[in-house]
Asks: 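If you scroll down you'll find the structure; I have some questions about it.
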Amino acid sequence: MANLVYKRVSTDQQSTARQNLVLHEAGIEDPVVFEEDPGTSSRRHPLQRPKFRALLDYARPGDTVHISEMFRLVRGTGHILDVLDVLHRDRLALRIHDGAFSAMDLTARHPRTGELLSTVKFMVQTLAAAGELQRDLQRELTYDGLRAAEAKGSKGGRRPVVTADKSADVRAAYLEGRSIAALARDHGVSRGAIRTAVADLLPDHTAIEEDVPAPELPVTLDMPGKVADFLHATELEPAERAALDQGTTVRRGQGYTLRVSAVPAVHRQLLVRCQPLNGGQGSRVIPAQRKARREYENRVTALTP
């Protein structure tokens, strides 16, 4: 019986160091590791992530899936229940080594019906909802903090390596003939930082013409869940996939909408991708899917060209 380890981080600025520590302390024997590419969003359904799909393809009945904590694998109650159904179908065990779920047997089923025990289902839904609430509150507090900082004149992002008070001196020295390498040594910064400070003074700098059109700004649209489900399973361009993965799920009764922020061009590309939902070329038409696409189409076509 194999021990299959799954790891994932949400952004390419994060590392799996904490997951590695938890899994190492668990003493897993002969682990077979499946690690998603850095920045694989938790909004992407686990069954659509490349490495988790590879894990399921590799697994055999009786194998055990190991994760450091539940939210490395799933986001929201729908994802959890979908994954548990697949693990049960493939007769795989799930071992969570940290967090609230670590003390629970999430694969426990009723001996006669084979369905997930109601107590397990209740606890899974409750803990997952609490975790989702915690992440949403953290995101809201972060946003409020950034707004408060902006109101005081502070700007987010990385500070320039060559500060504003030194920039004038650097530029003057460069115009007097000081080399970029020498300036970098003088100020204890990289050559790239000096190049940034004197970018418009470099010989190969090309001035921006006034008639160049301004870039498109992102627009937030609500995408019906049936459209989002179809696009999640469709091959997309990187910009389209990123917009979809970074969308925010908003529950609507039994369904949901995905709040997607992207430039209008990306919205239009996504609309083209879901054209099959309208039927045609022998494909079966599902009225609910066609209606969902038309809702999204109305929102996209309302954008200023």
Side-chain angles (χ1 to χ4, degrees), residues 2-28 30-59 63-84 86-87 92 94-102 104 106 124 127-143 145-146 156-158 228 231-233 235-249 258-262:
N3 289 308
L4 313 179
V5 172
Y6 178 76
K7 295 188 287 186
R8 181 192 62 83
V9 291
S10 298
T11 70
D12 54 12
Q13 283 78 42
Q14 296 175 319
S15 75
T16 57
R18 182 180 178 279
Q19 297 175 63
N20 294 340
L21 177 62
V22 171
L23 295 166
H24 174 73
E25 291 177 344
I28 302 170
D30 301 324
V32 181
V33 179
F34 296 83
E35 183 174 341
E36 298 287 358
D37 290 338
T40 301
S41 174
S42 60
R43 294 184 179 92
R44 189 172 185 180
H45 198 293
L47 300 180
Q48 296 169 348
R49 298 180 197 151
K51 293 301 181 182
F52 190 65
R53 290 300 315 169
L55 181 151
L56 294 176
D57 292 340
Y58 179 91
D63 290 351
T64 301
V65 178
H66 297 265
I67 52 177
S68 60
E69 56 187 343
M70 176 59 86
F71 296 111
R72 293 299 97 202
L73 176 59
V74 296
R75 173 189 174 93
T77 56
H79 289 187
I80 293 177
L81 297 177
D82 288 346
V83 169
L84 292 180
V86 170
L87 295 180
L92 303 176
L94 176 63
R95 182 74 173 89
I96 304 168
H97 294 278
D98 195 19
F101 290 97
S102 59
M104 298 174 59
L106 299 181
V124 165
L127 291 173
E132 198 166 4
L133 173 63
Q134 180 183 14
R135 289 193 302 275
D136 290 342
L137 289 174
Q138 185 176 8
R139 183 168 56 249
E140 291 173 5
L141 291 172
T142 300
Y143 177 75
L146 291 173
R158 298 173 59 186
L231 290 173
H232 273 305
E235 185 175 350
L236 303 175
E237 295 294 330
E240 300 165 2
R241 177 64 65 189
L244 205 64
D245 289 346
Q246 293 168 12
T248 301
T249 300
L258 189 67
R259 191 154 291 164
V260 178
S261 294

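Side-chain atoms are counted along with the backbone in the values below, which use heavy atoms only and exclude waters and symmetry mates.
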Asks: Do any N or O atoms from the side chain of D63 and from the backbone of A2 form a donor-acceptor pair under 3.5 angstrom?
Replies: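 Checking the backbone N and O of A2 against the side chain of D63, a donor-acceptor pair under 3.5 Å is found.
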Asks: With a 4.5 Å limit on heavy-atom distance, are the side chains of V32 and F34 in contact?
Replies: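 Counting from C-beta outward, V32 and F34 do come under 4.5 Å.
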Asks: For a side chain to side chain contact (heavy atoms under 4.5 Å, CB included) check, start with the C-alpha distance between L87 and L56, then their side-chain angles and the critical distance, and finish with the verdict.
Replies: CA-CA 9 Å; L87 295 180; L56 294 176; 4.2 Å; yes
Asks: L4 and A59: which non-hydrogen atoms are nearest, and at how many Å?
Replies: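 That would be CD1-CB, 3.5 Å.
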Asks: Do you know which two heavy atoms are closest between S68 and L23, and how far apart they sit?
Replies: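 Scanning both residues completely, I find the closest heavy atoms to be N-CD2, 3.9 Å.
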Asks: Quick check against the 3.5 Å criterion: does R95 have a side-chain atom that pairs as donor or acceptor with the backbone of T64?
Replies: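 No; zero donor-acceptor contacts below 3.5 Å.
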Asks: Give a yes or no on whether the backbone of Q48 and the side-chain of R44 come within a donor-acceptor separation of less than 3.5 Å.
Replies: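 Side chain of R44 to backbone of Q48, a donor-acceptor pair under 3.5 Å: yes, one is there.
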Asks: Is the H66 ring parallel, tilted or perpendicular to the H97 ring (thresholds 30°, 60°)?
Replies: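 H66 vs H97 ring planes: parallel.
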Asks: Any idea which heavy atoms bring S261 and A243 closest together, and the distance?
Replies: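 Here S261 and A243 meet closest at O-CB, 4.2 Å.
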Asks: Between atom CG of L73 and atom CG of L55, what is the distance when rounded to the nearest 0.5 Å?
Replies: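 If we round to the nearest 0.5 Å, L73:CG and L55:CG are 9.0 Å apart.
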Asks: Heavy atoms only: give me the nearest L244-L258 pair and the separation to one decimal.
Replies: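 Residues L244 and L258, closest heavy atoms: O-CD2, 3.6 Å.
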Asks: With distance as the sole test, does E240 use its side chain to make a donor-acceptor pair with the main-chain N or O of E237 at under 3.5 Å?
Replies: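 The answer is yes, because a donor-acceptor pair under 3.5 Å joins these two groups.
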Asks: Could you work out, with salt bridge (Lys or Arg N to Asp or Glu O under 4.0 Å) as the rule, every residue matching R18, not counting sequence neighbours?
Replies: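 Only E69, D98 meet the salt bridge (Lys or Arg N to Asp or Glu O under 4.0 Å) criterion with R18.
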Asks: Out of curiosity, L236 CG to R241 CZ, how far, rounded to the nearest 0.5 Å?
Replies: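 Output value for this atom pair is 4.0 Å.
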Asks: Verify the neighbour count for atom NZ of K51: are there more than 12 heavy atoms of other residues, nucleotides or ligands below 6.0 Å?
Replies: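 No - once you tally the heavy atoms of other residues, nucleotides and ligands closer than 6.0 Å, there are 12 at most.
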Asks: Sort out for me which residue in R72, R49, K7 forms a salt bridge (Lys or Arg N to Asp or Glu O under 4.0 Å) with E35.
Replies: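 With E35 as partner, R72, R49, K7 yield a single salt bridge (Lys or Arg N to Asp or Glu O under 4.0 Å), made by K7.
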Asks: Go through the structure and list residues passing ring-ring contact (aromatic ring centres under 6.0 Å, His included) with H232, not counting sequence neighbours.
Replies: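 Checked H232 against ring-ring contact (aromatic ring centres under 6.0 Å, His included); zero matches.
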Asks: Got a donor-acceptor contact below 3.5 angstrom from the R8 side chain to the T40 backbone?
Replies: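 Side chain of R8 to backbone of T40, a donor-acceptor pair under 3.5 Å: yes, one is there.
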Asks: So, the side chain of Q19 versus the backbone of I67: is there a donor-acceptor pair under 3.5 Å, distance only?
Replies: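 A pair under 3.5 Å: no.
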